[in-house]
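Because only heavy atoms are used, hydrogens play no part in the values below, and waters and symmetry mates are left out as well, while side chains stay in. On a predicted model such as this, the values are computed, not experimentally measured, just so you know.
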Amino acid sequence: EQPSPSPPSTCGSTHIPDVTHLRPGEDLGLRCDYGLLFGAAEADGLFRQLEDEVEYFEGELTKLHVFGKWHSIPRKQVTYGDPELTYTYSGVTFSPKPWIPVLNRIRDRIALHTGHTFNFVLINRYKDGCDHIGEHRDDERELVPRSPIASVSFGACRDFIFRHCDSRGKNATRHIKPIKLQLAHGSLLMMKYPTNVYWYHSLPTRKRVLAPRINLTFRKVMTLAGK
DNA sequence: CTACTCTCAACCTC
DNA sequence: AGAGGTTGAGAGTA
């Protein structure tokens, strides 16, 4: 059940990263590829540009009702994407802001390396190690069935935990070890079908992390024709 | 309509 | 510091 590293890439180009394929020995439905998509210098520039140009949601879109109390979500969030698309997360429907050049540039690089085109991106900014997100699956109904999600990270390296749905909490029916990754500056994690059917993921708090991290999850959202 | 499942973050213990 | 259990109103589903 441990992730098994893939053989080294046979492609020698400096523009094509080595990729680790995350596949437990037993087929538990985890289908992910992880690798660096941007070199350090380019990632530094993109991070600064994202910090300058991305505008996060404010007001009601940042609040969450949990166990009888209202909380501000412990991170900043915003969506960008094609016009007319909508996306619902925890009962809140987001309208995407129109694409800006830095996001198009990242989206195009992902397309070049994976062959996948995305029409929507959810951006989460974690200002330090106290910002986090709880266990969840990206299984929203608006997503194109079986479409992959491309998760790109900039800034502070953070731990990222996958946990199998049958091994959660005290009602767990199986003992499957969580899979822990470090999502590095400039990295790409491709989460492919059926990962999000069986595996929850979270970004836990890490008190010793003091720097911000920006994560972009590119998605394929169904258009009206597909709904 | 009913009744059942799932979700989110903070607080607490260890 | 981190892992895991406990708290419920609202949304969705069969």
Checklist entry - Does one hydrophobic cluster hold both A:L181 and A:Y198, with members joined at side-chain heavy-atom distances below 4.5 Å? => result yes

Checklist entry - So if you build clusters from Ile, Leu, Val, Met, Phe, Trp, Tyr with side-chain heavy-atom gaps below 4.5 Å, do A:Y200 and A:L143 land together? => result no

Checklist outcome for this item: Against the side chain of A:K170, the closest entry in B:dT7, C:dG5, C:dG4 is C:dG5

Item to check | Which nucleotide in B:dC6, C:dG2, C:dG4 has an atom nearest any side-chain atom of A:Y200 | outcome: B:dC6

Spacing of [X] atom [atom1] relative to [N] atom [atom2], expressed in whole Å:
X: A:E140; N: B:dT7; atom1: CD; atom2: P; value: 11 Å
X: A:R137; N: B:dC6; atom1: CZ; atom2: C1'; value: 9 Å
X: A:I161; N: C:dG2; atom1: CD1; atom2: P; value: 11 Å
X: A:D131; N: B:dA9; atom1: CG; atom2: P; value: 11 Å
X: A:D159; N: C:dG2; atom1: CG; atom2: P; value: 8 Å
X: A:H175; N: C:dG4; atom1: NE2; atom2: P; value: 12 Å
X: A:N196; N: B:dT7; atom1: CG; atom2: P; value: 12 Å
X: A:W70; N: B:dC8; atom1: CH2; atom2: C1'; value: 11 Å

Item to check | Contact list for residues 86-99 of chain A, test salt bridge (charged side-chain N to carboxylate O under 4.0 Å, His left out), sequence neighbours left out | outcome: none

Checklist entry - Can you give one letter per nucleotide of nucleotides 9-14 of chain C, going 5' to 3': B for a protein heavy atom under 4.0 Å from the base, S for sugar-phosphate only, - for none? => result S--SS-

Please list each protein N or O that sits under 3.5 Å from an N or O in nucleotides 3-5 of chain B, with the distance.
none

Checklist outcome for this item: Given Watson-Crick and G-U pairs under 3.5 Å, DNA chain C in dot-bracket ([ ] crossing, | other strand) is .|||||||||||||

Checklist entry - Got a sec, which residues hit ring-ring contact (aromatic ring centres under 6.0 Å, His included) with A:F218, two or more places apart in sequence or on another chain? => result none

Item to check | Mutual orientation of the aromatic rings belonging to A:F120 and A:Y87 [parallel < 30°, tilted 30-60°, perpendicular > 60°] | outcome: tilted

Checklist entry - A:F160 vs A:F162 aromatic rings, parallel, tilted or perpendicular, using cut-offs 30° and 60°? => result perpendicular

Next on the checklist: Can you confirm whether the side chains of A:E142 and A:T86 place a donor and an acceptor under 3.5 Å from each other?
Outcome noted: no

Could you give the side-chain donor-acceptor pairs of residues 55-71 of chain A under 3.5 Å, partners two or more places apart or in another chain?
unit_1: A:T62; atom_1: OG1; unit_2: A:G59; atom_2: O; d: 2.7
unit_1: A:K63; atom_1: NZ; unit_2: A:S72; atom_2: OG; d: 3.2

Next on the checklist: Going by the rule salt bridge (Lys or Arg N to Asp or Glu O under 4.0 Å), which residues pair with A:R163 if we only count those two or more places apart in sequence or in a different chain?
Outcome noted: A:E135

Checklist entry - Taking only residues two or more places apart in sequence or in another chain, which ones pass salt bridge (Lys or Arg N to Asp or Glu O under 4.0 Å) with A:D52? => result none

Could you tell me which residues satisfy side chain to side chain contact (heavy atoms under 4.5 Å, CB included) with [X], sequence neighbours excluded, listed by chain and number?
X: A:E53; value: A:Q49, A:I100, A:V102
X: A:F38; value: A:E42, A:A43, A:L46, A:I106, A:R109, A:V152, A:F154
X: A:R141; value: none

Checklist entry - Going from NE2 on A:H201 to CD1 on A:I149, what distance comes out if it is rounded to the nearest 0.5 angstrom? => result 7.0 Å

Checklist entry - Would you say a side-chain N or O of A:K180 is under 4.0 Å from OP1 or OP2 of C:dA3? => result yes

Checklist entry - Looking only at side-chain N and O atoms, does A:R168 come under 4.0 Å of OP1 or OP2 in C:dG4? => result no

Could you list the protein-to-nucleotides 10-14 of chain B atom pairs, N/O on both sides, closer than 3.5 Å?
none

